[in-house]
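Have a look at the structure below before the remarks.
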Amino acid sequence: MEVIYSKVCGVDVHKTFIVAVICDSTSTTPTYIRKRFSTFNNSLIQFRNWLIENDCQNVCMESTGKYYIPVYNALEGHISNVVVANPKWVKCIKGEKDDNKDAKWIADLFKLGIVRSSFIPTKDFRILREFLRYKYKLTCMKSSEKNRYTNALTVGNCKVDMVFSDIFGKSSQSILNIILNNDTFSDNDIINCISKKCKSSNEDILSSVNGIDFTHEQKLRITFVKDHIDYLDNQIDKLNEIIDILIAPYESYISLLCTIPGINRNCAISILSEIGTDMRQFKSHCRLTSWAGLAPGCNESAGKKKSVKISKAGVYLKPYLVEVAHSAVKDKINPYYANKYNKIVKRRGKKRSIIAIARKILVAIYHMFSTGEVWKPTDLASVETTDKDRIKYNTNNFKQSFKQLLSLGLTSEELINLINQNSSIE
C-alpha cells in the first residue's frame, strides 16, 4: 500500500499518561521513536514541543472517552493535522496488545491513510455544545423534580392535579402556597386564588383540597422540591443568556434552519451546536446521516443481508431531529414531509417513517449549509437521489419483477408480447 504521510505520530491515550510513537517512512526502512508523557498540562506541552522538534505535523490518536480532549487541546493550533479516530478503525489484534504496540499500530495504519477521522467541531462550537448539553441535563433534572413534586402531593392526599391541567400554573400554585404556609384556611381563601380562565368548577377545586392535613415533614419535602425547581429555572435562564451571546455570530444560519417545517429557534440552535456550519467535514450527506445514526446499516455477507437497523450514534443530535420530524409531519402549511410520511408509513410503520423523515431533514440541512439556499421542497428528491441511482433502482426492480413473472409460468415470448402490448397502448 502507498504511504500517504511520510512522518506520523501514533498516540495511545490513557488517563494518567500517553505513549507516542513517531514513524519516519522517508527512507526504505521506517524508523520509530517512542516516548512516554504524563497527562499533566506541562507534560502535554512538552509532548507538543517534542513533535515540533521532530518535524511531525501528522498525529493520530484513539478517541478514548474524554481522555483524548486534553491532548487535542494541547495540539490544536500548533499541529496542522490532528486526527481523532474511532476505536474500531485502530483496534489492535487480540493477543498482540500493549501500550507500546498500540501506539506503533496506530502510526502504521495512519501513515497509509486508512484511518478515518472523527468529526471534531471548532472550538467555539465545542463550547456552545457543552452549554447546550448541560442545559439538556438540567431540563431533564427539572422534569424529574416536577414528577417528584406531583408524587409528594398525591401521597399527601392532595388531588390538585385532577382539577388543574398544570399544577405549576398561577392558580394552582397560589392554592398550594396557602395550604403549605397556613395551618388552617377557608373556602373563600381558595376561591380567591382561582383564575377566571379556569375551566374546572369551584366545587371540584374545593373538593380536591378540603380535608388535607399535611404533616410538618410532608410540607418540608414539598418545599424543598419546589425550591430546587425554582433554582433549576434560574440556572436555565442564565444558560439561555450565555447561549444567546455565543450564538449571535450565527444568526443567519439560525434563520436558514427556521425555514424548514418543524424547526424553531431552540431546535435550530441545538442542531447547529452538534454539526456546526462547515459541511466540508463530511464528504457527502450520506456520511452526515450515518454519523448522526439515521442511516440504515450495511451488513451483508455471502449475498445475504443481515440486520440493517440504525446505529446508536447521535445520542444528542438524533432526538432533536426526531422531535423536528414529529412537528414537520403535522405541518399543514408546508405538507411536503407530511406527504412523504403518509407514503412511507403504510409499508414501514410509524417509527421507521419518523426516522426516514428525520434523515430527509438532515439531508436538507446539509445542502442548505453547503449552498446557502433556503429550504426548497421541490429540489429535495433530485438532491437525495441522483439520476444514476434511480436508473439502477428501476433496473433492479424490473429484473426482480421479470423473475417473478417467469416463476408464475409465463414464457419469455409471452412476456415480450405483454411488454409490446403495454407500450403500444401508451
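- Smallest separation of non-hydrogen atoms from I106 and G10: CG2-CA, 3.9 Å.
- Contact record, S270 with L132: CA-CD1, 4.1 Å, taken as the closest heavy-atom pair.
- Taking the six-membered ring where the residue is Trp, F119 and W291 present perpendicular rings, their angle passing 60° and hence far from 30°.
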### Query
When you look at K351 and I355, which way does the side chain to side chain contact (heavy atoms under 4.5 Å, CB included) test go after all the steps?
CA-CA 6 Å; K351 292 184 177 180; I355 293 296; 5.9 Å; no
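- Taking CD1 from I179 and CG from D189, the interatomic distance works out to 10.5 Å, rounded to the nearest 0.5 Å.
- With rounding to the nearest 0.5 angstrom, the CD atom of E2 is 4.5 Å from the CD1 atom of I4.
- Taking 4.5 Å as the limit, every side-chain heavy atom of L176 sits out of range of all side-chain heavy atoms of F164.
- Rounding to the nearest 0.5 angstrom, the gap separating the CD1 atom in I194 from the OG atom in S200 is 9.0 Å.
- With S144 contributing its side chain and C140 its backbone, the two residues share a donor-acceptor pair below 3.5 Å.
- Relative to the ring axis of F17, R36 places its NZ or CZ within 45° and under 6.0 Å from the centre.
- For the residue pair A292 and L317, the shortest heavy atom distance occurs at CB-CD2, 3.7 Å.
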### Task
Walk me through it: do E274 and R133 pass the test salt bridge (Lys or Arg N to Asp or Glu O under 4.0 Å)?
CA-CA 10 Å; E274 293 297 328; R133 290 184 177 181; 3.0 Å; yes
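- Under the 4.5 Å side-chain criterion, counting only non-hydrogen atoms from C-beta, I120 is in contact with R126.
- We find the OG1-CD1 distance between T139 and I236 to be 4.0 Å, quoted to the nearest 0.5 Å.
- Within the 3.5 Å criterion, the main-chain N or O of G169 finds a donor-acceptor partner in the side chain of S172.
- Between K238 and N234, some side-chain heavy-atom pair lies under the 4.5 Å cut-off.
- Under a 3.5 Å cut-off, the side chain of S118 and the backbone N or O of V84 do form a donor-acceptor pair.
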### Task
Test K111 against N58 for side-chain hydrogen bond (donor to acceptor under 3.5 Å, both in side chains), laying out the working first.
CA-CA 9 Å; K111 71 180 181 182; N58 301 295; over 6 Å; no
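- The shortest distance between side-chain heavy atoms of K146 and I229 falls below 4.5 Å.
- Of the possible donor and acceptor atoms, none in the side chain of S6 sits under 3.5 Å from a partner among the backbone N and O of T26.
- Using a 4.5 Å cut-off on side-chain heavy atoms (C-beta onward), I22 and L51 make contact.
- Side-chain contact check for N73 and K123: no donor-acceptor pair (N or O, by modelled atom type) lies under 3.5 Å.
- For S171 (side chain) and S195 (main-chain N/O), a donor-acceptor pair under 3.5 Å exists by modelled atom type.
- Crowding of F168 atom CZ: a count of heavy atoms from other residues, nucleotides or ligands under 6.0 Å exceeding 12.
- Side-chain contact between F125 and D278 is absent, with no heavy-atom pair separated by less than 4.5 Å.
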#### Entry: Verdict with reasoning, L153 to F214, per side chain to side chain contact (heavy atoms under 4.5 Å, CB included)
CA-CA 9 Å; L153 294 178; F214 284 131; 4.2 Å; yes
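- Although no hydrogens or angles enter the test, the distance criterion places no donor-acceptor pair under 3.5 Å between the side chain of S290 and the main chain of C286.
- Ion pairing between E76 and R48 fails under the 4.0 Å rule for side-chain N and carboxylate O.
- With hydrogens and angles disregarded, a donor-acceptor distance shorter than 3.5 Å links the side chain of T154 to the backbone of T150.
- No side-chain heavy atom of C267 sits less than 4.5 Å from a side-chain heavy atom of Y320.
- The two residues V21 and A107 come nearest to each other via the heavy atoms O-CB, 3.9 Å.
- A donor-acceptor pair under 3.5 Å is absent between the side-chain atoms of K15 and the main chain of Y67, judged by distance alone.
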### Query
Given V3 and L112, is the side chain to side chain contact (heavy atoms under 4.5 Å, CB included) satisfied, shown in steps?
CA-CA 5 Å; V3 175; L112 300 175; 4.2 Å; yes
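- Atom OH of Y32 has more than 12 neighbouring heavy atoms from other residues, nucleotides or ligands inside a 6.0 Å radius.
- Between Y250 and Y253, the two ring planes are tilted [angle within 30° to 60°].
- When all heavy atoms are compared, the tightest approach of K318 to S311 is NZ-O, 2.8 Å.
- A perpendicular orientation is assigned to the rings of W375 and Y336, their planes being inclined by more than 60° (bins at 30° and 60°).
- Looking at D331 and Y337, their side chains never come closer than 4.5 Å, going by heavy atoms from C-beta outward.
- The structure places CG of D230 at 9.5 Å from NZ of K142, a figure rounded to the nearest 0.5 Å.
- Scanning for side-chain hydrogen bond (donor to acceptor under 3.5 Å, both in side chains) contacts around R116 gives an empty result, with sequence neighbours left out.
- Every residue two or more places apart in sequence or in another chain was checked for a side-chain hydrogen bond (donor to acceptor under 3.5 Å, both in side chains) with E323, and none qualifies.
- With hydrogens and angles ignored, the 3.5 Å screen pairs a side-chain donor or acceptor of S80 with a backbone N or O of Q57.
- Aromatic ring pairs are classed by plane angle as parallel below 30°, tilted from 30° to 60° and perpendicular above 60°; the pair Y136 and Y316 is perpendicular.
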### Message
K104 vs R34, test: side chain to side chain contact (heavy atoms under 4.5 Å, CB included). Steps then yes/no.
### Response
CA-CA 9 Å; K104 180 177 178 294; R34 184 176 68 249; over 6 Å; no
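- Contact between F369 and G276 at its shortest, heavy atoms only, is CE2-O, 3.5 Å.
- Rounding to the nearest 0.5 Å places NZ of K226 at 11.5 Å from CD of E145.
- With salt bridges taken as basic N to acidic carboxylate O contacts below 4.0 Å, one links R265 and E251.
- At least one donor-acceptor pair closer than 3.5 Å links the side chain of S63 to the backbone N or O of A85.
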